[in-house]
Student: 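Dropping the structure in here first, questions after.
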Amino acid sequence: MTRNLDIAGRTAAVLCAVAALTGLTAAPSERPGRFVYVANLHSDTVSVVDTRSGTVVDGVPVGDGPDSAALGPDGSRLYVTDSAADTVSVVDTRTRTVVETVGVGHEPSRVTVSPDNKSVYVANVGAGTVSVISTRTLAVTDTIAVGDAPLGLAVTPDGRTLYVADAGSDSVSVIRTDTGTVTGAVPVGGGPTALALTPDGRHLYVSNLTSDDVSVVDTRTRTETGRIPVGDQPAGIGVLPDGRRVYVADIGSDEVSVISTRSRTVTDTIAVGDGPNGLAVDPDGRSVHVSNFESDTLSVIDTATARIRATVPVGDGPTGVAAQPAPR
């Protein structure tokens, strides 16, 4: 996320840690497997991990303080927030080079891409805004004021609604994407940090860093319908493609909580590395990738067995993670 974040004086150091990686460099060659991209806050790079070999196969230099990453729907571009440079680096995943750098708001902390691949949304934690970037022109087309210290982002499957976790306001802003207007705000737990939607868009799961729980929001009624206690300081969050389970990276507990969406309870906890924060679910649902900020590793969880499939040494302070589908 960012280097200097203070949410009403609460756990500022932890929130700054939810924000980082040094990567090995190799010439792009054959691409036989699936790739996971990890933003490296302290090394100003993105590591490219081949999930088949469990190794870092490349390191892409980006802007200063990269802390989150998102792939476009077709996987051809990777968007990386450079939190200390107030920019977004656009990476061509085929050549593994930065093809454009886009200026956005102060301290960009999170990024996501619309399902139709036309817009990139960037949460600027230091500015209290969301920047909208056109994927065609790679220029900012709109700036939307939201709540205090915006972090997590999620777009509905139909692309019509954008949700923003306002960590300093303890709420989630609701944005109508066609007009760029905020149509409401949903109160949730303390320090909402990351968001994940179910595949049908009916429910939004919100990790609340300072209240140690996950809010469940009904997107039709725009109300919080429950809270699920999890581990200490939950951050990254993701939902399986079948919608049955939610995975939550608990920074302070060094574990991942597994939530059943049916019972709304934690059914398992999985020990990972130190300071887990970023989390990405594979599009096929077979793996969950977790960046461990303090141990400089990426944990790969097998969702069928709830066991660690691999632990990949990466760089210094890994944070944001983006998973690419396997080629077909």
Side-chain angles (χ1 to χ4, degrees), residues 1-7 10-24 36-49 54 56 59-60 62-70 80-84 107-111 123 125 149 151-152 165 167 191-196 207-210 212 230-238 247-257 269-281 287-301 308 310-323:
M1 109 192 152
T2 69
R3 298 189 176 185
N4 298 297
L5 174 60
D6 180 11
I7 295 180
R10 299 169 303 176
T11 64
V14 174
L15 285 166
C16 286
V18 183
L21 195 149
T22 168
L24 301 177
V36 173
Y37 301 87
V38 186
N40 312 314
L41 187 72
H42 295 155
S43 60
D44 300 337
T45 63
V46 170
S47 288
V48 183
V49 179
V56 175
V60 183
V62 289
D64 190 9
D67 65 0
S68 68
V80 184
T81 54
D82 308 317
S83 64
E107 293 184 316
S109 61
R110 295 291 186 273
V111 61
V125 67
L151 288 173
T193 300
L195 305 175
S207 60
N208 300 311
L209 189 80
T210 61
D212 299 338
V230 289
D232 189 18
Q233 296 165 333
I237 191 168
Y247 291 77
V248 187
D250 302 319
I251 296 176
S253 302
D254 298 338
E255 65 188 15
V256 169
S257 295
T269 54
I270 304 166
V272 288
D274 295 338
N277 61 96
L279 185 148
V281 177
S287 302
V288 171
H289 306 274
V290 183
S291 60
N292 303 304
F293 186 82
E294 295 177 9
S295 59
D296 301 335
T297 58
L298 182 75
S299 294
V300 183
I301 298 172
I308 301 296
T311 300
V312 183
V314 286
D316 181 13
T319 54
V321 185

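Being a predicted model, the structure only gives us computed values, none of them experimental.
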Student: Is the closest side-chain heavy-atom distance between Val256 and Val288 below 4.5 Å?
Tutor: no

Student: If every non-hydrogen atom of Pro318 is compared with every non-hydrogen atom of Gly315, which pair is closest and at what distance?
Tutor: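 Smallest heavy-atom distance, with atoms named: CD-O, 3.6 Å.
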
Student: Could you report the tightest heavy-atom contact between Ala165 and Pro192, atom names first, then the distance?
Tutor: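 Minimum heavy-atom separation between Ala165 and Pro192: CB-O, 3.7 Å.
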
Student: At their closest point, which heavy atom of Ala280 faces which heavy atom of Ala323, and how far apart are they?
Tutor: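 Taking Ala280 first and Ala323 second, the nearest heavy atoms are CB-N, 4.1 Å.
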
Student: Please check: side-chain N/O of Thr210 versus main-chain N/O of Gly191, any donor-acceptor pairing under 3.5 Å?
Tutor: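 Yes; judged by distance alone, with no hydrogens or angles, the pair exists.
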
Student: Rounded to the nearest 0.5 Å, how far does CG of Asp254 lie from CD of Glu294?
Tutor: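 Taking CD in Glu294 and CG in Asp254, the distance rounds to 7.0 Å.
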
Student: What distance separates Ile301 CD1 from Tyr247 OH, expressed to the nearest 0.5 Å?
Tutor: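 The OH atom of Tyr247 is 7.0 Å from CD1 of Ile301, to the nearest 0.5 Å.
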
Student: Would you say that Val272 contacts Ile308 through its side chain, given a criterion of any heavy-atom pair below 4.5 Å between the two side chains?
Tutor: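 Contact flag for Val272/Ile308 side chains = yes.
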
Student: Roughly how far, to the nearest 0.5 Å, is CG of Asn277 from CG of Leu209?
Tutor: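 Leu209 CG to Asn277 CG: 10.0 Å, rounded to 0.5 Å.
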
Student: Please test Asp232 against Asp250 for side chain to side chain contact (heavy atoms under 4.5 Å, CB included), starting from the C-alpha separation and ending with a verdict.
Tutor: CA-CA 6 Å; Asp232 189 18; Asp250 302 319; 5.6 Å; no

Student: Which heavy atom of Ala194 sits nearest to which heavy atom of Gly236, and what is that distance?
Tutor: CB-CA, 4.2 Å

Student: Please assess Val56 against Val312 for the test side chain to side chain contact (heavy atoms under 4.5 Å, CB included), listing each intermediate value before the final yes or no.
Tutor: CA-CA 8 Å; Val56 175; Val312 183; 4.3 Å; yes

Student: What's the shortest heavy-atom distance between Thr269 and Ser257, and which atoms?
Tutor: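 Shortest heavy-atom contact: CG2-OG, 4.3 Å.
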
Student: If the test is side chain to side chain contact (heavy atoms under 4.5 Å, CB included), which one of Val321, Val60, Val80, Val46 qualifies with Tyr37?
Tutor: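 The option that passes is Val46.
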
Student: If you apply the rule side chain to side chain contact (heavy atoms under 4.5 Å, CB included), what do you find for Asp82 with Asp64, and how did you get there?
Tutor: CA-CA 5 Å; Asp82 308 317; Asp64 190 9; 5.6 Å; no

Student: Could I get the full list of side chain to side chain contact (heavy atoms under 4.5 Å, CB included) partners for Ser287, not counting sequence neighbours?
Tutor: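 Expected list: Asp282, His289, Val300, Arg309.
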
Student: List the residues meeting side chain to side chain donor-acceptor pair (under 3.5 Å) with Thr297, not counting sequence neighbours, and say none if there are none.
Tutor: Asn292, Ser295

Student: Side-chain contact test, heavy atoms from C-beta onward, threshold under 4.5 Å: evaluate it for Leu41 versus Ser83 and give yes or no.
Tutor: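 Yes. Closest side-chain heavy atoms under 4.5 Å.
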
Student: Can you give me the closest heavy-atom contact between Ala249 and Val290, atom names plus distance?
Tutor: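 Between these two residues, the closest heavy atoms are CB-CG1, 4.3 Å.
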
Student: Is Pro313 close to Asp296 at the side-chain level, that is, under 4.5 Å between some pair of heavy atoms?
Tutor: no

Student: Would you compute the distance between atom CG of Leu195 and atom CD1 of Ile237 and round it to the nearest 0.5 angstrom?
Tutor: 8.0 Å

Student: Would you say Asp44's side chain and Gly65's backbone share a donor-acceptor pair under 3.5 angstrom?
Tutor: yes

Student: Give, for atom OG of Ser253 and atom CG of Asp212, the distance between the pair rounded to the nearest 0.5 Å.
Tutor: 7.5 Å

